Structures are given as structure tokens and as C-alpha cells.
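Comments concern the structure below.
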Protein chains: 4
Amino acid sequence: MTDDIARKLKAAAARLFTQHGYTATRVADIVANAGVAQGTFYLHFENKPSLFVALIDEFFAGLIEETIARHPAKRLQTGEHLSAEVEEIWMTIIRYGRKHDILTRLVLREAHALRPEQRAHINRHFEQGADALARYLEDAQQLGLVKNLPARLIAWLLVGMIERAMHYAVFVAPNAPSVSLAGHCTEFELLGLLEPSAARTGGES
Amino acid sequence: MTDDIARKLKAAAARLFTQHGYTATRVADIVANAGVAQGTFYLHFENKPSLFVALIDEFFAGLIEETIARHPAKRLQTGEHLSAEVEEIWMTIIRYGRKHDILTRLVLREAHALRPEQRAHINRHFEQGADALARYLEDAQQLGLVKNLPARLIAWLLVGMIERAMHYAVFVAPNAPSVSLAGHCTEFELLGLLEPSAARTGGES
Amino acid sequence: MTDDIARKLKAAAARLFTQHGYTATRVADIVANAGVAQGTFYLHFENKPSLFVALIDEFFAGLIEETIARHPAKRLQTGEHLSAEVEEIWMTIIRYGRKHDILTRLVLREAHALRPEQRAHINRHFEQGADALARYLEDAQQLGLVKNLPARLIAWLLVGMIERAMHYAVFVAPNAPSVSLAGHCTEFELLGLLEPSAARTGGES
Amino acid sequence: MTDDIARKLKAAAARLFTQHGYTATRVADIVANAGVAQGTFYLHFENKPSLFVALIDEFFAGLIEETIARHPAKRLQTGEHLSAEVEEIWMTIIRYGRKHDILTRLVLREAHALRPEQRAHINRHFEQGADALARYLEDAQQLGLVKNLPARLIAWLLVGMIERAMHYAVFVAPNAPSVSLAGHCTEFELLGLLEPSAARTGGES
DNA sequence: TATGAATGAGACTTCATTCAT
DNA sequence: GATGAATGAAGTCTCATTCAT
């Protein structure tokens, strides 16, 4: 019952934040949309930012659980394994973003409307994501599957790719098949852009 | 004189937005920091968001000018050329971000605190960036230098990489040499992560 | 059972009103401190102010009963009698204040936090006290024991003295022996401050 | 100009606090009564309680200045002097209360509606008053004009008398001549209530 | 009788913007 | 052009009270 109200509030908030922006959405709008009284809001959330943070936390918890958490790099053995796994992860990410498109919008576009205190909390999610990716890369490097580029830098580049891949999959080309998106992302990530024939005549030496 | 005041206001605003966030920064703070009266603000800017937008516009104008605008892909001939140019662009980007670190922070972290109307304006910058990158890629594809991956998707992935490369260069590792960062970004972008030896046994085949 | 809850609520309220002030104390705090549910409060008291009023009423009922009610002036015959009785009353007052120190604080310091309606009720207690004192004085005046000063004015001055004597006995010097306090109050009340020798040279003539 | 607004706000607030009580008076009422905008209030006072405190401070500053500050006990020489001076002080007090009747009501009846923090500030005024009276008494005791009763206790009793004398002069008998009120208060304070003839037969020995 | 989740009116305060000087 | 005092709309949060269980 109680949980039901919290859920309704979160759903309404996610919708409104996405539509009108975090700042422009008033608590009054949220409760009106959720069909409860103004005061009820404060029985379930400390205040407006804390509801936002709860939404963001949920998004990241789900994303982490469905991706990195399920794919420890240690088990990898060949480049083929890696390739398949990376593609699977890209697929999961894209599907996750599309399934939770409102939350995705929220994380990608609204997360910065908060005050520094809460923003720090959110940035920590990104840092944790980067950390997890860096660890994954280091493991794969030790297995000789991945080049010896600085793992933390690459991890952050991957974070950026993921953000924009989700952006693309949700906003730019919402109808592009997930499979092909995941395939392209994988190829770009693992093999780069350079046409092999061109590389032969003049790659990174 | 007039221009001087506008500049002081912009500088103060950039500093304060970066430090305390856009929402938490009051016009009163900006004018106090710029050493002018409250009313003076409105002689130089229409309102608070429009000052923000002016800052963002400046950032993008400068970035575009120093990067893509100077590097029409048409002139490329070999993979080596491409590789050198890409590296130069990465270098420029990283140096630009570090030189204008406050504005960089602003664009990366504050741009979403605005109302939808202004945010649309800002998103247009990103879209234009993605468009320019896509055109560049298509040109390079026609020259046979770049793989035939979907240009718009890749362009957005590159946008994400650029955002996070700047983030990394400014916040995470502000002392890492720009040259090596640019080199790593280039290698990742053009050749991917897969260790060639591993690729042989099991790449994308 | 029911009475027990009402008592627990009153005790908790008295403590909290005293500590944090009437306004700052929420019904939620009171019930939490009393260990009952929010709704239960309203089974025992009409609302928050009425609980306060009940506490005040109790205080005054007890005080009146132990002091004036027991000492009809009519029985007095000599100044010595009067003196002894006045001292006894002072003693009772001081002891009463110290025994019910929380309620005393409440009456002296919180009684004004209420809305005009309830405040009128409380002021009536003070007026009744002043009335009783005035009657006592008039009786004593008729017996020739007390000077012919206007009884109502003096009664109010005595009310002020009593308030502050309690204040002194409870807050300022909680360890001063009641006996000596009562003695000093009595001497001041009956004989005034003027040193007799000084009075001779220049009193009220 | 600015001061004018502050004065208007204070006057309106004093009136409304007195009439409806501090708690029941909204900032909206005050500004409406003063004829300024809601926001203007906060240009002149930090918040509602701080306006209240300013009013109280004014009252006490004026009262202290017109009474104790003008009457250093050291100059006294005879009981007659003392008597005349005490009467003058009583007169001043009564007139002050009647002149500033609204503020008097405020101090006597509303001062407790505040939160503990501000109340502490107000109690300090009473304590300072008591201190000043105690010093005065001690000086007079050293001159042999006043009995050796404990000065601090008596000071507080006098505080109580003053509070209620003002109360009486303003609320109970607003038309009683100040001169006679001051005379009665003086006689009570200096000589007490006991009829001298009765005292002879049985005073405090 | 007891519960405690839900209510919703209402107050304070902030702050972008204006405009008379 | 510059000033800064004044504006007032608007939003967050509190908390006494109710009522279905």
C-alpha cells in the first residue's frame, strides 16, 4: 500500500522531470499526477531532490546488475569470447536504456539540475561505472586480449560511448534494431574505425 | 566599457555556476562578484538563462572553430594522413578543454539545469557537432579510409568519447600530458581495443 | 488505562513544552514521547491547545488550593498572626513551584504562546489570583492589620512578586533554602526595604 | 526613506502582534498593514522573529535609559532622598508603559511565543534588569539606607512588581493617576504592607 | 479503544526582474 | 548608462487533525 504510493510518486516524477525538466517540475505537480495529497509526498521522500536521487539510484542499480555484474572478465579466454561478451553487454545496455527510456532521459539529461551535494552523489555512480570498466579492462589486458592502453582513460571513454549510445538508441534512432546497434558499437570498440586496407598503408605504424 | 562589464559578468557567472551550480547561483551573486549593480545585469543580458546560453555558445564556437572547421576530410589521402589529423584534433580538444576548464565544466555539468527551451538550444550544439563528425566520417568513408559503419551512430559515440575525454583531461587526470592522452584516444578510436594477436585467433572474423 | 494515557500525554507534553517551547513542540513529539499513536491523542484531548490549558488549569488549581484557600484572612487577629501566615503562604508557594518545576516553567514562560482565545482563559487564572489576594488584603485591612493602600493594585504587585519569587526559587537559586526565601519575601512584603534607622531620618514621614 | 519603511513595518507588527498574537500574525499581514510588498520585509529584517526581537530591544533600551541609567544610587544620602528617587523611578516606569502601551503589551504578553533561541535573548533583558536593580540595592545597602536582604532575590521580586505594575497601569486601571500609582508602589516597596500599629504588637520583631 | 497513514491548508522565504532616480 | 531598493509571484515544507481499519 505504502510502497504503492512511493511507486506512483516515482513514476509521476520520472514522467514530469523528463517532460518539463527537474527544476520546472513542482512537488505539487508530482502529487497531482500521482493522485495523492501534497503532504503525503513527505511521508515517502525527504524532499524533492531525494526523490530524484532515488530514481537515479534505481537506474544505476539495475544497469550495473544486468551488465558488468554478470560478466566477470576472468572467465574470458579468447578474443572471440571477448568479442561475444562485449556485444552482449552492448545489447543489454541498449535494451535497458530503451526499456527504461524515461529514466534514461532523466539520467542523461536531468542529472545536472541538482545542487552540488546531490550531484556529487550521482557523479559517484559514473565513477563507479568507470572503475568497474577499468577493472574489466585490466583483467582482459592481463589475459592478453586487450591492448595496453591506460585503463582508466579508456574506461572513461567507454562511459562516454555508453552514454551517447543510449542517447542514440533512445532519442536519435529509437527504431534501429538493437542487434545491429550492439554489433556496430562492438566493432567500433574492439577494432576501431580505420579501414584495415588503409591501415596497412598507414596505420599507427 | 560596456563590453568590459559584459565580460566581467560572464567571467563571474562562469566561475559561480561552476562552483555552486547554475540554479544555486543568484543574479545577486553574479553582480556582486562582477562589482556592478543588480540592475546593470539587465542592460547587458536579457535574463539569467540568456547569460548562460551566451557562455555555452562561446564555448562551442571556439571549439568548433579550432577543430572540425580546420580539418576538412576531403584533403585526406592515406590512413596515415587520417591518423595524424585525428590525433591533432584530439590534441586540440584536450588543450581547449584544459584552457577553458571553467567553461568546460559548465558545458559538461551544468548545461542541463536549464528549462527545456534553453536546453533545446544547447542540445542543438551537440547535434551540430554530431552532424559535423558524421560528415567528416562519410567523407573519410568515401575515401576508403574508414569502415562502413553507420556514420551518425559513430558520430554520437565520438561525441560521447569527446565529452568524457575532456572530463578525464580536466577533472580526473589534469596533469597527464596532452600528447599521450591524444595518442591513446587516437589509437582507441582508429584501431580499437582488441589486441591484434588475440584478434587473429578470434576477432570479428 | 484511559486515565493512564492521558497522564502520560500530559507528562510528555509538559516536559516537551518546557524544553522546546509550546509552538515548537508538535503533537507528533508528544505522542512519540508518551508511547502512543498519533490518533490516540485526540481521544483524550480536543486538540493541542486544550492539552496545554489542561496543564495550566491543573497548576493553578493545586496552587490555589494549597495557599489562599487554606488561609481565610478573617481568622487573623494580630500582626503576628498575619506575619506567620504570610510566611507560611510564601513557603507553600515556593515549595509548590519547586515540586512542580516543569509546570511552573510552563506557566511562567509558555503561557503566552497560545492564541488570544486560550490566553484569555489563562489570564483569568491570574485575575482570579489577584482577586483572591485583593479580598485577603481587604479583610486584613478591615482588621487594621494592613495599610490602606489600594487593594487591587497591591494584589497585582503581589502577583508579580509571586511570579518572580517562583522564578527565582526554581531557576535562579534552586538550592537556596525555602525557609529563608520565604522569610525574606515575607519581610519585604510586610515591612518594605527601607532601613528603619534611615526611615526615621526621612521615610514617608 | 529606508528607515521609514522599517519604522512602518515595526509599527504595523507591534499593532498586529498585540492584537492577534505573535504566532497568529503572518508576515503577509504585517506588510499589508505597512503598505509594502512581501519581499520588502526581508530587505529590512532577517525574518519574523528578528523583527519581534528588534521591537523588544527597543522597548528595553528606552526603559533602561529613562530609569536606572539616570539614577545611580551612589549619590543618595538619606532615606528621604531614596524615597523621592524611588518614587520618581516608579513614575517613569508607569508613564513609559502607558506611553508605549503597545510595546508594553508585547513584552508582557507576547515575549514567550518565540522559539527558545530568541526567548533566551529576551530573558537576558530581564536578567540585566534584575542585575541593575541588585547593584542599586547593594549600593543603597552600603549607604545604610536599605535593609540587608539578599539583593538578587529582592531584585527579582522588584522585577515582578514592575511587570505587574505596568500591567495594572496599562490594562487594569488605565485611568488611575500615575502619581498616585507611583506613590503606592513606593510606599509598598519601601515600607511594606504591615500597619505600623499592628507591627508594634507583632512584626518580624 | 487504538492506530498511523493520509490529508491539505497555509506560512515563510527566495530571487529574477523592474524602474524611478 | 548605472544604480539598487522595491516588487510579488511562486515553491517547498510543516503539522494539526481526520478516519478507515
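In this text the structure is predicted, and so the values were computed from the model without any measurement. Chain identifiers are assigned alphabetically (A, B, ...) following the order of the sequence lines, protein sequences preceding nucleic acid strands; residue numbering begins at 1 within each chain.
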Non-hydrogen atoms of [X] and [Y] that approach each other most closely:
{"X": "D:A14", "Y": "D:L106", "value": "O-CD1, 4.0 Å"}
{"X": "D:G97", "Y": "D:M166", "value": "CA-CE, 3.6 Å"}
{"X": "C:N47", "Y": "C:Y42", "value": "CA-CE2, 3.9 Å"}

Sorted by chain and residue number, the ring pair (Phe, Tyr, Trp, His ring centres under 6.0 Å) partners of A:F45 (sequence neighbours excluded) come out as A:F41
So, with a heavy-atom separation below 4.0 Å from DNA chain E, the residues of residues 9-30 of chain C are none
Handout entry: Atom pair NE2/CG of B:H44 and B:L51 - distance to nearest 0.5 Å
Key =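 Output value for this atom pair is 11.5 Å.
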Nearest to side-chain heavy atoms of [X], which nucleotide of [options]:
{"X": "A:I5", "options": "E:dA2, E:dT17, E:dA6", "result": "E:dA6"}
{"X": "B:N47", "options": "E:dT3, E:dT17, F:dT12", "result": "E:dT17"}
{"X": "C:A37", "options": "E:dA6, E:dG4, F:dT3", "result": "E:dG4"}
{"X": "D:L43", "options": "F:dT17, F:dT7, E:dA2", "result": "F:dT7"}

Starting from [atom2] on [N], measure out to [atom1] on [X] and report it in whole angstrom.
{"X": "C:F41", "N": "F:dT17", "atom1": "CZ", "atom2": "P", "result": "8 Å"}
{"X": "A:D3", "N": "E:dA6", "atom1": "CG", "atom2": "P", "result": "11 Å"}
{"X": "D:H44", "N": "E:dT14", "atom1": "NE2", "atom2": "P", "result": "15 Å"}
{"X": "A:L51", "N": "F:dT12", "atom1": "CG", "atom2": "P", "result": "12 Å"}
{"X": "C:F52", "N": "F:dA16", "atom1": "CZ", "atom2": "P", "result": "14 Å"}
{"X": "A:R115", "N": "E:dT14", "atom1": "CZ", "atom2": "P", "result": "11 Å"}
{"X": "D:D4", "N": "F:dA5", "atom1": "CG", "atom2": "P", "result": "15 Å"}

Q) Taking the six-membered ring of D:Y22, is the NZ or CZ of D:K48 close enough (under 6.0 Å from the centre) and on axis enough (within 45°)? A)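 Yes, a cation-pi geometry.
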Q: Select base, sugar-phosphate, or nothing to describe what B:V36 touches, counting heavy atoms under 4.0 Å on all strands.
A: sugar-phosphate
Looking only at atom types and distance, does a side-chain atom of [X] sit under 3.5 Å from a main-chain N or O of [Y], one as donor and one as acceptor?
{"X": "A:R115", "Y": "A:P49", "answer": "no"}
{"X": "B:D29", "Y": "B:R26", "answer": "yes"}
{"X": "C:T25", "Y": "C:L16", "answer": "yes"}

Counting only Watson-Crick and G-U wobble pairs with both atom distances below 3.5 Å, the stems of 3 or more consecutive pairs that include DNA chain F are E:2-21 with F:2-21
* **Residue mapping more 5' on DNA chain E - nearest nucleotide basis, D:Y42 or B:E46** =>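 Taking each residue's closest nucleotide, the earlier one in sequence belongs to D:Y42.
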Closest to the 5' end of DNA chain E, once A:T40 and B:G39 are matched to their nearest nucleotides, is A:T40
_Tell me whether the side-chain N or O atoms of A:Q38 pair up with the base of F:dT12 as donor and acceptor below 3.5 Å, since no angle test is needed here._
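No pair found.
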Whichever of D:G35 and A:K48 has the more 5' nearest nucleotide on DNA chain F, that residue is D:G35
Query raised in the report: Should the pair A:F60 and A:F126 be assigned to parallel (<30°), tilted (30 to 60°) or perpendicular (>60°) ring geometry?
Result: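 A:F60 vs A:F126 ring planes: perpendicular.
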